[in-house]
Amino acid sequence: MRQRAAALGASAGAHISTFHSLCVRILRRYADSAGVRPAFTIYDQADQTRCIKRAVKDCDLDPANFPPARMLDALSALKNKLVDADAFAARTDDFFSRMLSRVYLRYQQILAGLNALDFDDLLLKTAFLLEGCPDVRRELSDRFRFLLIDEYQDTNHAQYRIARALASEHANICATGDPDQSIYRWRGADIRNILAFETDWPDATIVKLEENFRSTPNILAVADSLIAFNKNRKPKKLIATRPADDDVLVDAFDDEMAEAEAVARRVRTLIDEGSSCRDTAVFYRVNAMSRLLEEAFVRNRIPYQIVRGVEFYNRSEIRDLLAYLKVLVNPDDEISLARIINTPARGIGKITIDRVRSFAVRNGITLYAALKKAEAVESLSGKVKDRLTGFVKMLEDFKDYITGPVAPLAERIFQESGLAQSLAAGAGKDDSALENVNELINAAAQYDLNTEEPSALDYLQQISLFSDADAYDPAGDRVALMTLHAAKGLEFENVFIVGAEEGLLPHEKSNGREDEDELEEERRLLFVGITRAKTRLQISHAKYRTVRGQTLRTIPSQFLFELGSGFSESPEEDDYPDQADEPPRPIPAFVAGQIVRHKTFGLGRVKKFVDMGQNSIVVVTFNTGQTKSLMVKYAGLSKVQNT
DNA sequence: GTAGTTGTGGTTTTT
DNA sequence: CCACAACTAC
């Protein structure tokens with residue numbers, strides 16, 4: 001989480017840390033009381049997915065009916081509410097929750113066996129520790145005598161309970177935040193935390209920060225107009241203190257290439273006029289959009305940085321290298337072990353692994369311990385045994401270096417494991433992999449320099465919690481490219497927001513689901529992006545966009561119609577087909593539940609109708625299973641009689 | 001048994 | 001379009 005819990009200790013100096021990092025430090029220090037082993041590995045989403053798949057399988061459930069992503073979301077929601085597996089088991093009522101409960105119990109068993117904690121466990125275990133051990137709570141409360149929590153609107157219930165426990169002894173707690181900037185509801189952030197702060201701490205002084213020193217009135221007007229469309233909010237007025245300046249621009253481009261190129265050229269112009277690169281940022285909804293922009297910036301010779309925190313650590317070459325480190329630090333981490341045992345290929349296949357695993361189970365030892373005793377596994381050929389012992393020996397040799405600087409160890413692993421060689425062999429098609437590895441090793445070297453007693457364990461636990469905030473380098477004079485989420489808390493003279501299209505912003509995954517809440521969160525996301533801009537703001541969309549290899553005509557984001565009138569449209573003619581030729585026709589209204597037919601997608605059911613006159617949008621779930629946003633005037637939908 | 005090949009399916013945001 | 005899973009050829 002981005003919000004930081006800063007604790008100001010009189011003698012120790014101020015600590016600035018994210019909630020999760022604080023939890024890691026607490027859990028390591030009070031491991032016994034918290035019921036964890038200190039060398040735990042922190043599992044991210046990919047690792048969690050592997051574990052939950054295994055848990056679902058162990059419970060004899062069909063992954064088709066119990067999709068891993070769904071299950072993880074459900075477990076995460078429970079953990080964020082501090083409902084552990086046992087507590088949940090006691091309160092299941094329907095079939096699904098009974099199955100979920102079994103998966104939950106099994107999942108926790110698996111993680112415990114691997115000596116791993118997921119992100120939610122870090123919070124849950126810390127909260128339980130603080131609430132269950134008064135001694136620990138008092139000690140920490142005394143150590144952190146003043147508590148300041150930023151971005152409080154994005155705290156979840158577990159974080160709330162941790163903060164409450166830490167402040168319980170002294171009540172020196174200060175929280176800052178803005179409910180209109182809550183963009184992590186999907187991750188369990190509970191807006192009630194900030195709304196209820198005054199009731200939780202009755203003596204608290206409330207300071208409203210309504211004056212905005214950052215943005216021009218032009219930008220604030222657009223932000224204000226947009227966010228006012230959210231029904232579920234406390235109205236608030238932003239008061240501009242700066243004089244009016246340039247108009248906000250809303251631009252339409254032919255396709256995503258043209259959009260990226262136009263943005264790059266406009267940035268080029270700003271730079272030529274004397275603006276620093278660091279003063280400009282480009283925001284997008286999904287990481288996948290960064291590539292086109294990157295290419296455009298290269299073409300226009302503009303220095304840029306792609307701010308990617310988590311994204312970087314999802315790269316397979318990075319995951320491979322880190323998996324080696326994880327296994328060295330925590331041999332129980334079979335998820336990482338499974339990843340590296342045949343990466344790069346060294347002739348250890350699935351069947352071999354299964355045999356060693358069953359040997360491990362029979363003898364009640366871990367997979368790694370079984371690998372060490374590979375000689376004793378009868379079902380293996382001598383050749384295979386040799387490969388296994390060679391692999392284990394390599395790891396054991398690396399182990400000599402797990403305390404001490406990390407960069408040399410990472411370099412050594414990269415070379416001696418064969419990763420370097422296999423990367424070089426596959427090069428040509430993608431030379432960025434080697435670059436990424438070098439970046440990782442450089443970052444490790446930086447860690448070594450900044451840390452008194454560097455170790456692989458400490459390094460791994462730190463980078464697992466690496467955030468987008470850490471990824472942004474304000475020192476470099478480069479244009480920043482990042483997702484709207486990553487933009488939170490930052491500000492720039494010039495801001496470009498691209499891809500303001502239905503399905504992208506708001507994202508289709510959050511359109512018309514359950515209720516309006518998800519749409520409102522998308523609106524807040526754009527609001528956050530807009531309010532990052534100090535002086536110049538350009539929001540754009542492409543008329544055609546290629547997604548997954550298919551070029552489709554897009555629909556401008558409904559949010560563009562909610563910006564009020566305080567902006568200039570692009571001078572280009574709006575050349576959507578049909579519009580010029582045909583006189584405006586009355587737009588038919590749809591209601592949710594209405595069955596409709598589309599010439600390409602066939603039959604579907606209306607999920608939602610957004611009445612915007614000529615620009616009305618209808619969201620339809622088609623029988624093919626896909627949900628699409630369509631502009632009524634182009635969709636050619638016909639209403640079908642409900643039977 | 002392993003490794004390369006074809007096929008399927010799913011597909012945001014991040015700690 | 002990409003990652004992964006089952007499949008087939010060594």
Side-chain angles (χ1 to χ4, degrees), chain A residues 1-4 17-24 42-46 48-50 53 63-64 67-70 73 76 79-80 117-123 151 154-156 158-159 182-189 283-289 291 307-316 319 342-355 379-381 383-384 387 422 430 461-471 482-488 499 503-511 513 518 521-522 524-526 528-529 546-551 624-627:
Chain A
M1 296 242 153
R2 174 71 71 77
Q3 69 279 350
R4 288 161 185 276
S17 144
T18 63
F19 258 103
H20 284 87
S21 315
L22 182 67
C23 291
V24 169
I42 300 166
Y43 272 7
D44 65 10
Q45 197 158 32
Q48 289 180 59
T49 303
R50 301 209 162 266
K53 275 183 183 166
R70 198 25 73 73
D73 278 353
S76 179
K79 290 183 181 185
N80 286 335
L117 299 178
D118 65 24
F119 288 118
D120 302 316
D121 287 335
L122 296 175
L123 300 175
E151 307 283 11
D154 282 326
T155 48
N156 63 31
Q159 291 167 322
S182 164
I183 54 176
Y184 288 109
R185 212 186 70 102
W186 55 274
R187 210 170 61 181
F283 305 148
Y284 37 81
R285 179 64 177 84
V286 297
N287 283 300
M289 295 170 71
R291 231 184 80 184
V307 181
R308 39 175 202 171
V310 174
E311 193 52 21
F312 178 77
Y313 291 97
N314 278 336
R315 303 283 309 222
S316 63
R319 292 193 79 92
N342 201 32
T343 306
R346 49 173 73 89
I348 304 173
K350 192 173 173 301
I351 291 170
T352 301
I353 297 168
D354 283 347
R355 286 180 178 168
S379 51
L380 298 175
S381 71
K383 210 174 188 175
V384 169
R387 290 177 188 152
S422 81
D430 185 14
Q461 291 188 339
Q462 280 201 26
I463 62 161
S464 299
L465 303 172
F466 198 82
S467 77
D468 281 352
D470 306 315
M482 66 186 91
T483 62
L484 284 160
H485 283 89
K488 192 169 66 136
L504 208 48
L505 182 64
H507 197 274
E508 59 185 343
K509 280 267 157 185
S510 61
N511 207 344
R513 289 243 303 253
E518 296 195 20
E521 178 146 314
E522 294 286 307
R524 288 195 293 271
L525 194 52
L526 179 56
V528 166
T546 305
V547 183
R548 284 213 314 276
Q550 274 202 315
T551 306
T624 54
Q626 47 193 173
T627 302

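For the numbers below, each heavy atom of this structure counts, side chains included, while hydrogens, waters and symmetry mates do not.
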Discussion item. Rounded to whole Å, how long is the line connecting atom CG of A:D468 with atom P of B:dT14?
Written reply: 5 Å
Worksheet item: Can A:S76 and A:D73 be counted as having a side-chain donor-acceptor contact under 3.5 angstrom?
Response: no
Worksheet item: Judged by atom type as modelled, is there a donor-acceptor pair below 3.5 Å linking the side chain of A:E521 to the main-chain atoms of A:R185?
Response: yes
Worksheet entry | Inter-nucleotide P distance (B:dT13, C:dC4), Å rounded | 16 Å
Worksheet item: Whole Å only: how far is the CG atom of A:D73 from the P atom of B:dT14?
Response: 15 Å
Practice prompt. For A:R285 and for A:K350, find the nucleotide of DNA chain B with the closest heavy atom, then tell me which residue's nucleotide is more 5'.
Written response: A:K350
Practice prompt. Select base, sugar-phosphate, or nothing to describe what A:L484 touches, counting heavy atoms under 4.0 Å on all strands.
Written response: nothing
Practice prompt. Provide, to the nearest angstrom, the distance between the CG atom belonging to A:D118 and the P atom belonging to B:dT14.
Written response: 18 Å
Discussion item. From CZ of A:R346 over to C1' of B:dT2, roughly how many Å is that when rounded to an integer?
Written reply: 14 Å
Worksheet item: Between the main-chain N or O of A:I183 and the side-chain N or O of A:D154, is there a donor-acceptor pair closer than 3.5 Å?
Response: yes
Practice prompt. Please name the pair of heavy atoms, one in A:L123 and one in A:A158, separated by the smallest distance, quoted to 0.1 Å.
Written response: CB-CB, 3.9 Å
Worksheet item: Between A:T352 and B:dT2, does any side-chain N or O lie under 4.0 Å from OP1 or OP2?
Response: yes
Discussion item. On DNA chain B, compare the nucleotides closest to A:S21 and A:I353; which residue's is nearer the 5' end?
Written reply: A:I353
Worksheet item: With sequence neighbours excluded, what pairs up with A:K53 under the salt bridge (Lys or Arg N to Asp or Glu O under 4.0 Å) test?
Response: none
Item to complete: Compare all side-chain heavy atoms of A:Q48 with those of A:F119 and state whether any distance is below 4.5 angstrom.
Response: yes
Discussion item. Whether the side chain of A:D120 engages the backbone of A:N80 through a donor-acceptor N/O pair (distance < 3.5 Å, no angle test) should be reported.
Written reply: no
Response to the item:
The side-chain contact (heavy atoms from CB on, under 4.5 Å) partner of A:I348 among A:I353, A:T343, A:V384 is A:I353
Worksheet item: Which heavy-atom pair separates A:N314 from A:R319 by the least distance, and what is that distance?
Response: OD1-NH1, 3.1 Å
Item to complete: Quickly work out the A:N287 CG to C:dC2 C1' distance and round it to whole Å.
Response: 15 Å
Worksheet, complete the sentence: Per atom distances to the A:R355 side chain, the nearest of B:dT14, B:dG1, B:dT12 is B:dG1
Discussion item. Please check this pair: side chain of A:N342 against backbone of A:G347, looking for a donor-acceptor N/O pair closer than 3.5 Å.
Written reply: yes
Worksheet entry | Presence of A:T483 side-chain N/O under 4.0 Å of B:dT12 phosphate oxygens OP1/OP2 | no
Practice prompt. With heavy atoms under 4.0 Å as the rule, sort A:Q45 into base, sugar-phosphate or nothing.
Written response: base
Worksheet item: In terms of side-chain heavy atoms of A:Y184, which of B:dT12, B:dT2, B:dT14 is nearest?
Response: B:dT14
Discussion item. Please report the distance, rounded to the nearest Å, between CG in A:L504 and C1' in B:dT12.
Written reply: 9 Å
Worksheet item: Atom CZ of A:F312 and atom C1' of B:dT13: how far apart are they, to the nearest Å?
Response: 20 Å
Worksheet item: When the distance from CG of A:D154 to P of B:dT13 is rounded to whole Å, what number comes out?
Response: 17 Å
Discussion item. Strictly under 4.0 angstrom, non-hydrogen atoms only: write out the protein contact profile of nucleotides 5-10 of chain C, one letter per nucleotide from the 5' end, B, S or -.
Written reply: S-----
Worksheet item: Nearest to the side chain of A:N342 - B:dT12, B:dT14, B:dA3?
Response: B:dA3
Are there any protein N/O atoms within less than 3.5 Å of an N/O atom in nucleotides 6-11 of chain B, and if so, which ones and at what distance?
from: B:dT11; atom 1: O2; to: A:R548; atom 2: NH1; distance (Å): 3.3
from: B:dT11; atom 1: N3; to: A:R548; atom 2: NE; distance (Å): 2.6
from: B:dT11; atom 1: N3; to: A:R548; atom 2: NH1; distance (Å): 2.4
from: B:dT11; atom 1: N3; to: A:R548; atom 2: NH2; distance (Å): 3.2
from: B:dT11; atom 1: O4; to: A:R548; atom 2: NE; distance (Å): 3.1
from: B:dT11; atom 1: O4; to: A:R548; atom 2: NH1; distance (Å): 3.4
from: B:dT11; atom 1: O4; to: A:R548; atom 2: NH2; distance (Å): 2.4

